[in-house]
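So the structure is just underneath, and the comments pick up after that.
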Amino acid sequence: MKISSRVKSIVQALASQDTYTTVQTIAEQLDVSTRTVLRELPAVEDWLKSNGFVLETKKGTGIRLILSSEEKARLYYLLKLHKADKDYT
């Protein structure tokens, strides 16, 4: 499954955090709007789910990936393998 470069960036941002993070924080890290991050979240969830990862959302708190150190290493490996499509929007 191919992913866009933006989806890849959001997954990397989530993987770099061990605690809940807000959509606002991710948007600021990627220099995009919160709406853009929200629009990409379904694709992020689909890619994570198809690769066996769990994205946890907690209303009023944020989102986070539940990863052991082995899972985090596997996630980074998969991201490295996947060629991302370019975003033009």
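Residue numbers count from 1 along this sequence.
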* How far does CD of E45 sit from CD of E40, to the nearest 0.5 angstrom? -> 12.0 Å

* To do: Let me see the working for D18 and K72 under side chain to side chain contact (heavy atoms under 4.5 Å, CB included), right down to the final yes or no.
  => CA-CA 10 Å; D18 292 327; K72 190 177 275 194; 3.1 Å; yes

* To do: Measure across F53 and E71 and return the closest heavy-atom pair with its distance rounded to 0.1 Å.
  => CE2-O, 3.5 Å

* To do: Verify, without hydrogens or angle tests, whether K8 (side chain) and L79 (backbone) share a donor-acceptor contact under 3.5 angstrom.
  => yes

* Structure fact -> The residue among L38, T36, T57 that forms side chain to side chain contact (heavy atoms under 4.5 Å, CB included) with V23 is L38

* Separation of Q29 CD from S16 OG (nearest 0.5 Å) -> 5.5 Å

* Structure fact -> When rounded to the nearest 0.5 Å, the distance separating CD1 of I66 from CG of L55 is 8.5 Å

* **Spatial distance of atom CG (L14) from atom OH (Y20) [nearest 0.5 Å]** => 12.0 Å

* Check whether any side-chain heavy atom of L41 lies under 4.5 Å from a side-chain heavy atom of I63, and answer yes or no. => yes

* So, does R64 use its side chain to make a donor-acceptor pair with the main chain of K58 at under 3.5 Å? -> no

* 4.5 Å side-chain heavy-atom contact, V54 and L65 -> no

* If you round to the nearest 0.5 Å, how far is CH2 of W47 from OG of S4? -> 11.5 Å

* Asked: Is there a donor-acceptor pair closer than 3.5 Å between any side-chain N or O of T25 and the backbone N or O of T21?
  -> no

* Asked: Mind checking whether L75 and L48 have side chains closer than 4.5 Å, heavy atoms only?
  -> yes

* Working to the nearest 0.5 Å, report the span between CD of E28 and OG1 of T34. => 9.5 Å

